[in-house]
Amino acid sequence: MLAAPAAGLVLARPDAILGDPPATPATSSHLDVCDLSFLIPPGPLSISLSKEKPGEFLPILSRRLFDMFVDFRQKGHPKVANLYESMVITAVRFDPCGPRYPENYDIKDTLCTQPNLRLIAQPVVDGRPTTAALHMVFALGVKTDQAPEAIFKGIGFDPGVRDGAVAELKRMKARNLERGVSTAGVPVDVHPAFAGKTLDGPAAAGFVADLERFIRKYALESSYFVTAIMYTVDPSSTPDAKALEGKERWEWEKAFVVRFGKDGKPLPAPVLMLAPVPGIADGGKPLTFQNFTADSDRRAGATLSARPSLEHGTIKNIDLLKLLDDRSPANPADLQTGVDISDLLENPTMAAVQTEDCVSCHLTTPGRTFALAHASAANVKRSLRFAFDAKAAGLVDSLGPDAEEAASASGYHVMSLAFFKGKPSISQRTVFETLQAAHLINRNYP
C-alpha cells in the first residue's frame with residue numbers, strides 16, 4: 001500500500017478542501033436518482049483528474065497509476081500528447097450497498113458492505129470528450145489494504161464513512177434547492193444544475209464546488225480498488241489501418257488495484273492487474289480485453305473479438321447478437337430472445353455486471369431500444385425486465401430524452417454513463433441500479 005501522502009492526502013479537516021461549504025443542515029427530503037448518478041458536461045468548471053494543490057490535495061489519480069493504462073494511451077489516444085492532463089470527470093455514481101442489494105433493502109444486511117463512489121473520467125481533446133472512459137471505483141469505509149477476497153467480504157467495514165457521505169449528499173441537495181436547482185423527477189441524465197446549456201452559471205459553479213469537495217474527500221487513491229476502461233481504437237495503432245476504414249472499434253478492459261504480491265507481502269506501491277473478461281476466451285485461453293467493431297454511425301458490420309460463452313438457463317449472452325443485425329430481426333422468435341437477454345442483463349437482481357462480459361452489458365440498451373423502435377413489437381413480452389415500482393418509491397425509472405434518442409438512433413452507442421460523440425449515453429442498467437441505491441437510502445436514512 002502507498003504511504004499516506006502518496007495514496008491520498010489525509011487532512012486534519014478533510015471537509016476544508018476547496019474551502020468550507022455553506023452551513024446547511026442535512027435535509028429529510030429523499031434523494032432522487034439524479035442526486036446519485038449524473039453527467040457533468042465538460043466546460044470551464046470541469047473537475048480535473050490530474051489537478052493538485054501542494055499542501056492541500058493530490059490528483060484524484062496519480063500519473064504513475066494512470067500510465068499503467070497502456071492500451072488506453074497507446075491504442076486509444078496515440079496522438080494525444082497531454083492525455084493525463086486532458087482527463088476530466090464527466091459522470092458520478094454513488095452506490096450505498098453493492099454489488100447486490102438485499103430483498104428487504106435493509107442497509108444492515110451483510111450484503112451492504114461494499115459501498116462505493118464511482119467516477120467516470122473522459123479525455124477532452126479540442127474541446128470535446130473522446131469516445132473513451134476511465135471508470136474508477138473507490139471504496140467507502142471498506143479497507144483496501146487487504147486481499148481482494150477480504151475486500152469483497154467487507155471485512156473491517158466502517159459504516160460511519162457511508163453515513164457521512166449520505167449526509168453530505170443530502171446537504172448538497174439542499175444547497176442546490178437554495179440555488180433554485182431541483183432534482184425532483186429528473187431522470188439519470190445531465191445534472192439539472194446545467195439546465196439551459198449553462199455550463200458556468202452561479203448554480204452550476206456552486207454545485208461543482210460542492211461536488212469537488214465531496215470527490216476529494218472520498219475518492220482517495222488509497223481507497224481505489226477496481227477499475228475499467230473503454231476506448232475507440234485509433235486505426236494508426238493497428239497493424240492494418242485500412243481494415244478500420246469507415247468502421248469504429250471499441251475495446252474494453254477491467255483491472256484490479258493490487259496492493260499485495262503473490263507472496264502476500266505489501267507492494268511498495270499499488271499496481272494495476274488486468275482481469276480476464278468473463279465468458280471471453282480465444283482457443284480456451286481467457287482474454288483480458290474485448291472489442292466490438294461496426295460501421296461508423298450506422299447499424300451495420302457488427303463483429304466481436306470473441307463471442308461470449310455465458311449462459312442463463314435457456315438464453316445465452318450470444319443471443320444479444322440477434323438485436324445487433326443490420327436490420328431489426330425479421331423472425332419474431334429472434335426478437336423475443338434478444339429482448340429477453342437484454343432485459344435479463346439489465347436486471348440487477350438476476351445478473352451481476354461483475355460476472356458478465358463487457359459488450360453484452362454495454363450493448364443491451366441500444367440493441368433493444370433500436371430493435372423495438374424499428375420492429376413490429378406488439379407481441380414482445382418483457383417478463384425479465386426489472387420489477388420495481390418506481391412511482392410508488394417517488395423515483396424515475398426511464399432514460400432521459402437525449403439518452404433515449406441516442407439509443408434508438410442509427411449507430412451503436414456503447415457507453416453506459418458518459419458522453420458519446422457529444423451526447424449523453426446512458427444504459428437502462430445504470431438507471432435500475434440507481435433506483436436500488438436511491439430506494440435503499442430513502443428507506444434507511446429518513
Side-chain angles (χ1 to χ4, degrees), residues 1-11 14 49 58-73 84 95-100 108-119 121 134-162 164-165 216-229 252-282 284-290 310 352-358:
M1 184 173 128
L2 285 174
L9 196 61
V10 179
L11 303 177
L49 197 70
L58 294 169
I60 295 169
L61 180 68
S62 67
R63 180 183 288 274
R64 187 188 67 82
L65 270 181
F66 179 81
D67 283 347
M68 293 183 185
F69 293 105
V70 177
D71 290 338
F72 187 85
R73 295 185 294 108
Y84 176 59
D95 186 348
C97 185
R100 286 187 179 272
K108 295 180 181 178
D109 191 283
T110 54
L111 287 176
C112 291
T113 56
Q114 291 184 51
N116 57 76
L117 175 64
R118 310 181 200 185
L119 302 181
L134 167 58
H135 188 143
M136 301 168 286
V137 185
F138 299 86
L140 292 173
V142 180
K143 294 174 59 180
T144 55
D145 58 345
Q146 55 184 340
E149 296 77 13
I151 293 175
F152 298 144
K153 290 179 181 178
I155 294 176
F157 170 54
D158 176 10
V161 178
R162 175 179 57 200
R216 292 195 178 277
K217 180 174 181 178
Y218 292 105
L220 300 177
E221 198 166 278
S222 58
S223 61
Y224 183 30
F225 76 105
V226 69
T227 196
I229 59 171
W252 290 264
E253 295 175 347
K254 299 179 180 180
F256 292 109
V257 182
V258 177
R259 293 177 166 84
F260 292 85
K262 292 182 179 179
D263 58 3
K265 295 181 180 179
L267 297 173
V271 297
L272 293 177
M273 181 175 291
L274 291 177
V277 178
I280 299 299
D282 181 16
K285 180 182 179 181
L287 297 178
T288 58
F289 71 93
Q290 186 180 20
L310 300 172
V353 294
Q354 294 85 356
T355 55
E356 298 296 333
D357 70 284
C358 307

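Here the structure is a predicted model, which is why all the values come from computation and not from measurement.
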Under 3.5 Å, is there a donor-acceptor pair between the side chain of Tyr218 and the main chain of Ala165? yes

Over all heavy atoms of both residues, which pair between Leu267 and Val271 is shortest? Give the atoms and the distance, please. CD1-CG2, 3.8 Å

In Pro59, Ser62, Pro270, the residue satisfying side chain to side chain contact (heavy atoms under 4.5 Å, CB included) with Glu221 is Ser62

Side-chain donor or acceptor of Arg259 paired with backbone N/O of Asp145 under 3.5 Å: no

To the nearest 0.5 Å, atom CD1 of Ile229 lies from atom NE2 of His135 at 13.0 Å

With rounding to the nearest 0.5 Å, note down the distance linking CD in Glu253 to CG in Leu134. 11.5 Å

Between Thr144 and Ser222 (side chain of the first, backbone of the second, donor and acceptor by atom type, cut-off under 3.5 Å), is there such a pair? yes

Indicate yes or no: at least one non-hydrogen side-chain atom of Val277 is less than 4.5 angstrom from one of Phe289. no

Could you check if a side-chain atom of Leu49 sits within less than 4.5 angstrom of a side-chain atom of Met136, using non-hydrogen atoms only? yes

Separation between CG (Leu274) and CG (Leu287), nearest 0.5 Å, reads 11.5 Å

Do Thr288 side-chain atoms and Pro276 backbone N/O form a donor-acceptor pair below 3.5 Å? no

Under the side chain to side chain donor-acceptor pair (under 3.5 Å) test, residues paired with Arg118 that sit two or more places apart: Asp95, Asn116

Are side-chain heavy atoms of Pro115 and Phe157 found at a separation under 4.5 Å? yes

Checking Arg100 now: which residues fulfil side chain to side chain donor-acceptor pair (under 3.5 Å) with it, not counting sequence neighbours? none

Quick one: pull up CZ in Arg73 and CE in Met68 and give me the separation to the nearest 0.5 Å. 10.5 Å

Is a side-chain N or O of Gln146 found less than 3.5 angstrom from the main chain of Ile155, in a donor-acceptor match? yes

Given 3.5 Å as the limit, does a donor-acceptor pair link the side chain of Arg64 with the main chain of Ala269, or not? no

Side-chain contact test, heavy atoms from C-beta onward, threshold under 4.5 Å: evaluate it for Val257 versus Leu272 and give yes or no. yes

Classify the ring geometry between Phe152 and Phe256 as parallel (under 30°), tilted (30 to 60°) or perpendicular (over 60°). tilted

Just so I know, are the side chains of Thr113 and Val142 near enough to count as touching, which here means a heavy-atom distance under 4.5 Å? no

Please find the pair of heavy atoms, one from Pro278 and one from Gln354, that lie closest to each other, and give the distance. CG-O, 3.9 Å

Any side-chain heavy-atom pair of Phe69 and Leu61 under 4.5 Å: yes

